[in-house]
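Only one structure is covered here, and it is reproduced in the block below.
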Number of protein chains: 2
Amino acid sequence: MIKRKESSVNLENEKALAAECPFIFALSLMGKRWKPAILWKMTEGIYRFGEMKRAIPQISEKMLTQHLRELESDGLITRTVYHEMPLRVEYALTEFGTSLQPILKQLNTWGEKAQNIKNTMPK
Amino acid sequence: MIKRKESSVNLENEKALAAECPFIFALSLMGKRWKPAILWKMTEGIYRFGEMKRAIPQISEKMLTQHLRELESDGLITRTVYHEMPLRVEYALTEFGTSLQPILKQLNTWGEKAQNIKNTMPK
DNA sequence: TGTGGTAGTTACCAAAAAGTAAGTATATGA
DNA sequence: TCATATACTTACTTTTTGGTAACTACCACA
């Protein structure tokens, strides 16, 4: 679905880093653009596709689908389809996804500190 | 030095996310390509430009310079020039940069778990 | 005058990520 | 038969990131 060359220095570097450094591997799972926002929202509970779209208004449907699919295949969330009409699809954190929560909180706290530093020392 | 349009939906989205979510702001400071590797190495102590280059062989001089400059302007590391011959430039973590260490470790641990899950459940 | 060492800088190009907009599928109800 | 609702797909384009390779500046030493 996402077209990528099978080899390029760029990709090889990324792979090598993710393989040798678990931290970078972790970032590859949850550190892309809208993923933190999605994961953050989901700590509140189950979300439907449309609900998440409304919860993060700037995200495009394409990016939302793409990120949800990746999070699912990486084992962070589950996707459940209810064959009703209109269709209902629910997304929820897995246990593994939930285990990220305390780390997200810590990084969030650190990020707040960083924002303050930036604001008190402009330029 | 780094050319970026002053406005684009892409950039505006990134800014908005970083402003409202400290977690994403944190990622923008330390989550790019070689930065975790650089920060990780530096927890061992002071590094010279050339030492870091040899410590992370795949990194190009361009990316190393760029990341070091960004880490410096974001207050995570210091850059000290010694006007000797040959020139000596030393990079070291600031207190703020050091405060990231426990979080890096936690995410690292989580990443290891994720790697194991991936390896035990291929496909 | 030329070679070597440190620490970069620069221009150019390839690759990847993200955005846009229009289209798909399924079924209900007017 | 048309409009509505949900949940996507797809083709295409723009923007951003990363890599390559050649070049700069400073000075020491032979």
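A quick note: this is a predicted structure, and the numbers were derived from the prediction, not measured. In what follows, chains carry the letters A, B, and so on, assigned in the order in which the sequence lines appear, proteins first and then strands, with residues in each chain numbered from 1. Just so it is clear, the values below take in all heavy atoms, side chains as well, and ignore hydrogens, waters and symmetry mates.
Applying the 6.0 Å contact sphere to CD of A:Glu95 captures no more than 12 heavy atoms from other residues, nucleotides or ligands.
Residues of residues 36-57 of chain B having a heavy atom closer than 4.0 Å to DNA chain C, listed by number: B:Arg48, B:Phe49, B:Gly50. Residues from residues 74-83 of chain B lying near DNA chain C, meaning a heavy-atom separation below 4.0 Å, are B:Arg79 in numerical order.
In this structure B:Arg54 satisfies the side-chain hydrogen bond (donor to acceptor under 3.5 Å, both in side chains) test with no other residue, sequence neighbours excluded. By the side-chain contact (heavy atoms from CB on, under 4.5 Å) test, B:Ala55 is found to be paired with B:Lys41, B:Tyr47, residues two or more places apart in sequence or in another chain being considered.
Atom CD in A:Glu84 sits roughly 13 Å away from atom P in C:dA27 (whole-Å rounding). Between B:Glu12 atom CD and D:dT16 atom C1' there is a gap of 14 Å when expressed in whole angstrom units. Rounded to a whole Å, the NZ atom of B:Lys32 is 11 Å from the P atom of D:dT16. Atom CD in A:Glu70 sits roughly 14 Å away from atom P in C:dA16 (whole-Å rounding). B:Leu64 has its CG atom 14 Å from the C1' atom of D:dG18, to the nearest Å. Between B:Glu90 atom CD and C:dT6 atom P the separation is 14 Å, expressed in whole Å.
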Which letters describe nucleotides 20-30 of chain D, given B = protein heavy atom under 4.0 Å from base, S = only from sugar-phosphate, - = neither?
B------SS--

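Five base pairs at each end of the helix from C:dT1-D:dA30 to C:dA30-D:dT1 define two local axes, and these are offset by 30° (rounded to 10°).
Under the 4.5 Å side-chain heavy-atom criterion for Ile, Leu, Val, Met, Phe, Trp and Tyr, B:Ile46 and B:Leu87 are members of distinct hydrophobic clusters.
Proximity of a side-chain donor or acceptor of B:Gln115 to a complementary backbone N or O of A:Ala18 within less than 3.5 Å is detected. With hydrogens and angles disregarded, a donor-acceptor distance shorter than 3.5 Å links the side chain of A:Asn108 to the backbone of B:Phe23. For the pair A:Thr94 (side chain) and A:Thr78 (backbone), a donor-acceptor distance under 3.5 Å is absent. The backbone N or O of A:Met63 sits nowhere less than 3.5 Å from a side-chain atom of A:Gln66 that would complete a donor-acceptor pair.
Looking only at side-chain heavy atoms (C-beta outward), A:Glu90 and A:Arg88 come within less than 4.5 Å of each other. Side-chain contact between B:Asn13 and A:Trp34 is present, with at least one heavy-atom pair separated by less than 4.5 Å. Residues A:Pro36 and A:Met30 are not in side-chain contact: their nearest non-hydrogen atoms beyond the backbone lie 4.5 Å or more apart. Residues A:Phe25 and B:Glu112 form no side-chain contact, since every pair of their non-hydrogen atoms from C-beta on lies 4.5 Å or further apart. In this structure the side chain of A:Ile103 reaches within 4.5 angstrom of the side chain of A:Leu100, judged on heavy atoms.
In terms of phosphate contacts, A:Trp34 brings a side-chain nitrogen or oxygen within less than 4.0 Å of OP1 or OP2 of C:dG19. Between B:Ser8 and C:dA18, a side-chain N or O to OP1/OP2 separation shorter than 4.0 Å is absent. Dashed line: the shortest gap from a side-chain N or O of B:Arg88 to OP1 or OP2 of C:dG5 is not under 4.0 Å. Remark: B:Thr65 is not in phosphate contact with C:dA7, judged by side-chain N or O atoms under 4.0 Å from OP1 or OP2. Between A:Arg69 and D:dC8 there is a side-chain polar atom (N or O) within less than 4.0 angstrom of OP1 or OP2.
Taking for each of A:Asn10 and A:Tyr91 the nucleotide of DNA chain D with the nearest heavy atom, the 5'-most of the two is the partner of A:Tyr91.
Ring centroid separation for the pair B:Trp110 and A:Phe96 comes in under the 6.0 Å cut-off.
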